[in-house]
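Have a look at the structure below before the remarks.
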Amino acid sequence: MKRVMSIATSDSGAGAGIQADLKAFLRCGVYGTTALVAITAQNTVGVRSIFPFPPRVAVDQIEAVVEDIGADAAKTGMLFNAEIISAVAGAVRRLGIPNLVVDPVMVAESGAKLLKDEAVATYKQELFPLAAVITPNINEAFALLGAEVDEGRVREAAAELRSFGSGAVIITGGHTASGADLLYDGERFLEIEGPTYGSENTHGAGCTHSAALASFLARGLGLEEAARRAREVASEAVRYGLGEIGSGAGPVHALGAVLERVEA
Ligand SMILES: Nc1ncnc2c1ncn2[C@@H]1O[C@H](COP(=O)(O)OP(=O)(O)OP(=O)(O)O)[C@@H](O)[C@H]1O
Ligand SMILES: Cc1ncc(CO)c(N)n1
């Protein structure tokens with residue numbers, strides 16, 4: 001069984017973050033491990049508080065897991081501050097973790113800020129160069145570039161983001177008119193299309209997507225096929241999103257379709 005690590009933050013409501021990643025790993029048939037860098041007190045309505053751990057806590061977990069269990073891929077989620085990003089980058093580089101997917105989480109579905117402003121530069125300088133692929137949504141893509149969101153310039157944004165050194169860029173389409181994810185690998189632009197569901201229950205869609213992408217890369221798929229499969233897993237999780245859980249945007253349900261088949 002392939003092993004994939006989530007380096008990310010806890011969401012107490014379990015819709016996003018580390019908890020979403022573990023569900024996505026299970027859905028994608030890989031063994032998921034975790035390095036927790038911070039804790040949020042969070043539900044479907046909002047984020048009450050954020051408690052980051054000292055960077056060494058993240059590094060210790062990454063080392064402990066890699067030295068014994070190993071990692072065929074990893075994804076990063078909410079890393080919160082520059083010190084944590086830098087420490088994670090150091091550990092990933094030192095340990096030679098392959099197939100790194102960086103999801104540069106900045107803002108929660110509920111609007112809460114999940115990244116300190118000064119940490120953007122550290123992402124670009126230290127973590128993006130180690131990534132096989134980075135997966136900002138459209139708002140994060142333009143925020144990383146210090147620009148206003150402009151759907152007409154999404155290809156330019158992808159190309160500019162790739163210049164920081166990642167192998168590829170996927171700008172996810174959950175908040176765009178087309179709903180397609182845009183993949184740029186340095187040679188060509190590819191629109192990853194699929195159904196768009198009217199569901200409000202999208203809390204954790206981005207986490208599910210990046211965790212699925214890392215899983216499919218670990219399983220040996222090429223980037224294009226992994227990106228297609230990751231969109232399928234994320235959009236299926238939105239389709240089965242759990243409106244009855246909490247009073248805000250409900251959590252996605254990565255195992256919804258699978259359980260329906262089992263129960264049938
Ligand atoms: N309504 C939807 N229908 C189908 N697929 C969706 C929908 N919303 C998001 N997705 C898919 O889910 C994945 C994550 O996209 P999105 O742009 O929403 O990420 P995000 O904003 O980082 O997510 P989050 O809500 O966790 O912050 C993408 O593959 C996207 O195409
Ligand atoms: C812990 C955590 N990670 C990521 C997101 C982005 O959805 C969130 N809301 N919470």
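Because only heavy atoms are used, hydrogens play no part in the values below, and waters and symmetry mates are left out as well, while side chains stay in. In listed order, ligands and their atoms are each counted from 1. In this chain, residues are counted from 1 in sequence order.
- Among protein residues, Glu109, Asn137, Thr172, Gly173, Gly174, His175, Gly179, Asp181, Pro195, Thr196, Tyr197, Thr202, Gly204, Ala205, Gly206, Cys207, His209, Arg231, Ala234, Ser235, Val238 come within 4.0 Å of ligand 1, judged on heavy atoms.
- Residue contact check: Met78 has heavy atoms under 4.0 Å from atoms 1 (C), 3 (N) of ligand 2.
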* Tell me, with the steps shown, if Thr208 and Lys23 meet side chain to side chain contact (heavy atoms under 4.5 Å, CB included). => CA-CA 8 Å; Thr208 301; Lys23 293 179 228 182; over 6 Å; no

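- Within a 6.0 Å sphere centred on CD of Glu244, other residues, nucleotides and ligands contribute more than 12 heavy atoms.
- Ser10 counts as a contact of ligand 2, since one of its heavy atoms falls under 4.0 Å from the ligand.
- What sits closest to atom 9 (N) of ligand 2 on the protein, heavy atoms only, is Gln42 OE1, 2.9 Å.
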* To do: Given side chain to side chain contact (heavy atoms under 4.5 Å, CB included), test Asp21 with Thr34 step by step and report yes or no.
  => CA-CA 9 Å; Asp21 293 343; Thr34 56; over 6 Å; no

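- Within the 4.0 Å heavy-atom cutoff, Cys207 counts among the residues contacting ligand 2.
- Summarising the geometry of Gly248 relative to Thr44, their closest heavy-atom pair is N-OG1, 2.9 Å, with the distance given to 0.1 Å.
- Within ligand 2, the atoms closer than 4.0 Å to a non-hydrogen atom of Ala16 are 5 (C), 7 (O), 8 (C), 9 (N), 10 (N), numbered from 1 in the order shown.
- The shortest N/O to N/O separation between His203 and ligand 2 does not fall below 3.5 Å.
- With hydrogens and angles disregarded, no donor-acceptor distance shorter than 3.5 Å links the side chain of Lys2 to the backbone of Gly220.
- Looking at Leu115, Leu114, Asp11, Val105 and measuring to atom 8 (C) of ligand 2, the nearest heavy atom belongs to Leu114.
- Taking every heavy atom of Thr9 and a limit of under 4.0 angstrom, the matching atoms of ligand 2 come to 1 (C).
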